Asks: 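Dropping a structure here in structure tokens format, bear with me for questions.
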Amino acid sequence: MLRVAGRARRLPLRVLTTQGRPSPRKVVAYLAGAVLALCSFAAEAVPHLEPQGTTQRLIVNGQPMLLIGGELGNSSSSSATYMAPHWSRLHQMHLNTVLTPVSWELIEPTEGHFDWSSVDSQLEAARANQLKLVILWFGAWKNSMSTYVPAWVKRDQSRFPRAQLPNGQGLDILSAFGTSTRDADKKAFCALLAHLAKVDGRTETVVMMQVENEIGMLPVARDYSAAATAAFQDPVPSALHPRASGDWTHVFGESDATAEMFTAWHYARYVQALVEAGKTIYPLPMYVNVALNAPNRAPGEYPSGGPLPHLIDIWKAGAPGLDFLSPDIYFSNFTDLATRYHRADNPLFIPEANRADKSEVPANAFYAFGKLDSIGFSPFSIESVDTKPPGALVDAYSVLQQLSPAILAARGLGKMSGFRPRVLEDGTVISTPVSEDIGNYRFTVSFIDMWTPVANQTPVNHGGIIIQVGPEDYLIAGQGLIANFAPLGEGPPLAGIDSAWEGTFNSAGAWVPGRLLNGDQTHQGRHIRLAPGEFQIQRVRLYRYR
Ligand code: DGJ
């Protein structure tokens, strides 16, 4: 009996000799074929990205998936008991995905001996609650520091060197120039992927991997250890500057900006080593997240060399195996920052979209999915959100879950947009109306509700999405929006409302209409209104006249 993928199979007739005995040559050829078939099956079956119009989509279990997510607090997943009451709540809150840390110290407490209990209990709990997982690999670095490495790494400074200040003092940050650190980190990361391939390859509970967490050097722009300083004198890699000859200072000048580019390049190369090795074992989509920099700060005052907006191209060159770079957005200028990571070569995914209890988070979710084709959206510390009475995030996620099929069908095809007021770095809210062309109509969306006293509304929380689902049919959802419309292209120049229904999608995805909205609800046919304070969906058909 031959074992292929754990299943016993009889050798097929074609590998037998005419005497009915196995022919060694034919058996080898058969096995090679079986392995190849298995590999191609595996590559197709693993969660992966594929192009969709101007963007990419995530395929899980053979179907497109939108990650309506939340990230756990840093220590929550280290205890199955602590997490036990939360998993079902997260499902009830309409999440389909949880971002959860897996730390090096927990899975490899003794070098070379792996303990998968914390991983397996999370897989089991997620599956029992119809949730997918994105695993956050807390390896060498977590928020710049190296506190999640096992004690045998922490305590062996000669084998696992630390980054240093200019005066030679060591930091609680492992040096990116320690090759034994990189190799040990890589080994643990690969062991984790091999374990996932084995225990989760068929179920696909884990849909993506985050490699490390918010990498970046503090409190100086670069590592000053001897190995780092020697590397600073190496020629600038041609991938960064094809015509450059000379070391970093020679090519880019002596400045913190140069030191930061150098830092970014070497962090990216370290990550690439993990990604390259990991993907040969289990090629899940992989990304890094970034702690964004506050304005007017020097590198080192913020984590220097992370995959920051001004360093995206260096990271792309240094870590080409990454599927994307992702912003953690805690600043008020969400729309501007998210837009920086929405590029043809970088589909947007937001692993940390501020703390889950912030009131502007739902509006950001609609904007990220609708305007920037985000693969997923995930506020931080999701298990701490109070669901009784239902909060805004829960209601917004219910609407997004209902709209998922429509969003998935529209992504990257010019059939959808998201709306929310732009907010500047200093918190100034720009609530002037925004226009977007979607299909055959131009929508102009206002964020101030004309029927609610100004003192009773908070426009920074207003937001929504418009999705074209037919030539003149649109789903308009969110809260605190007033949408006006005008026809585009050839034909009668005026637009009216043929019909506007409020309603919901049931669990089978069928539209269940509520009231037919007209009269005061549409201002006698002038506009579509989503009142503040209540997330809702309307199904609207427009028409043209002259
Ligand atoms: C960003 C980090 O990536 C998270 O792990 C967590 O520490 C949050 N900051 C806390 O706000």
Side-chain angles (χ1 to χ4, degrees), residues 67 69-79 82-83 86 90 95 97-107 118 122 133-149 171-174 185 189 208-219 264 267-268 270-271 274 286-294 297 299-309 311 315 322 324-334 337-338 340-341 348-361 364-365 368 374 376-386 393:
L67 303 184
E71 181 167 322
L72 298 180
N74 295 159
S75 306
S76 306
S77 68
S78 64
S79 162
Y82 178 90
M83 273 308 295
H86 292 299
L90 296 174
L95 272 78
T97 307
V98 174
L99 279 68
T100 180
V102 168
S103 66
W104 189 1
E105 64 178 342
L106 268 183
I107 66 159
S118 63
Q122 294 195 66
L133 297 175
V134 172
I135 285 188
L136 316 177
W137 172 237
F138 285 8
W141 299 295
K142 193 283 174 190
N143 290 41
S144 299
M145 314 308 284
S146 298
T147 53
Y148 280 85
V149 301
L171 296 164
D172 203 359
I173 299 178
L174 288 166
D185 192 353
F189 183 65
M208 302 203 298
M209 298 293 289
Q210 179 184 293
V211 189
E212 315 288 348
N213 189 84
E214 292 196 349
I215 289 171
M217 179 57 57
L218 292 171
Y267 274 137
Y270 181 110
V271 165
L274 268 66
M286 295 185 191
Y287 70 94
V288 285
N289 64 332
V290 56
L292 294 166
N293 47 340
R297 297 271 176 85
E301 290 173 353
Y302 62 82
S304 169
L308 287 149
L311 301 170
W315 270 84
L322 285 172
F324 43 85
L325 315 174
S326 291
D328 292 346
I329 308 181
Y330 289 82
F331 293 120
S332 56
N333 52 334
F334 177 91
L337 291 168
R340 302 285 298 268
Y341 289 82
L348 180 67
F349 172 67
I350 306 175
E352 293 180 50
N354 214 332
R355 295 189 68 88
D357 55 3
K358 293 276 181 190
S359 59
E360 68 272 24
V361 164
N364 290 340
S374 198
F377 182 91
S378 158
F380 181 70
S381 194
I382 191 71
E383 75 280 22
S384 62
V385 167
D386 181 11
L393 181 66

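Note that the structure is a prediction, hence the values are computed from the model and not measured. The first residue in the sequence is number 1, and the count goes up from there. Atoms within each ligand, like the ligands themselves, are counted from 1 in listed order.
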Asks: To the closest 0.5 Å, what do you measure between CE (Met286) and CE (Met208)?
Replies: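 Spacing of CE (Met286) from CE (Met208) equals 11.5 Å.
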Asks: Check each of Lys142, Glu352, Glu71 against atom 7 (O) of ligand 1 and report the one with the nearest heavy atom.
Replies: Lys142
Asks: Can you tell me how far CZ of Phe334 sits from CD1 of Ile350, rounded to the nearest 0.5 angstrom?
Replies: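 If I round to the nearest 0.5 Å, the distance is 3.5 Å.
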Asks: Quick one: which ligand 1 atoms are inside 4.0 Å of a heavy atom on Asn213?
Replies: 2 (C), 3 (O), 5 (O)
Asks: List every atom of ligand 1 that sits less than 4.0 Å from any heavy atom of Glu214, numbering the atoms from 1 in the order shown and giving each element.
Replies: 1 (C), 2 (C), 3 (O)
Asks: Taking atom CD of Glu214 and atom CG of Asp328, what is their separation to the nearest 0.5 Å?
Replies: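 It comes to 4.5 Å.
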Asks: For atom 10 (C) of ligand 1, what's the nearest protein heavy-atom neighbour? Residue, atom name and distance, please.
Replies: Phe380 CE2, 3.6 Å
Asks: Check ligand 1 against Asp328 and write out every atom of the ligand that is under 4.0 Å from a heavy-atom position of the residue.
Replies: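 With Asp328 as reference, the close atoms of ligand 1 come out as 3 (O).
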Asks: Show which atoms of ligand 1 fall inside a sub-4.0 Å distance from at least one heavy-atom site of Asn143.
Replies: 1 (C), 2 (C), 3 (O), 5 (O), 7 (O), 9 (N)
Asks: Please round to the nearest 0.5 Å and tell me the distance separating atom OG of Ser384 and atom CG of Asp357.
Replies: 6.0 Å
Asks: As an exercise, state the distance from OH of Tyr330 to CG of Leu337, rounded to the nearest 0.5 Å.
Replies: 13.5 Å
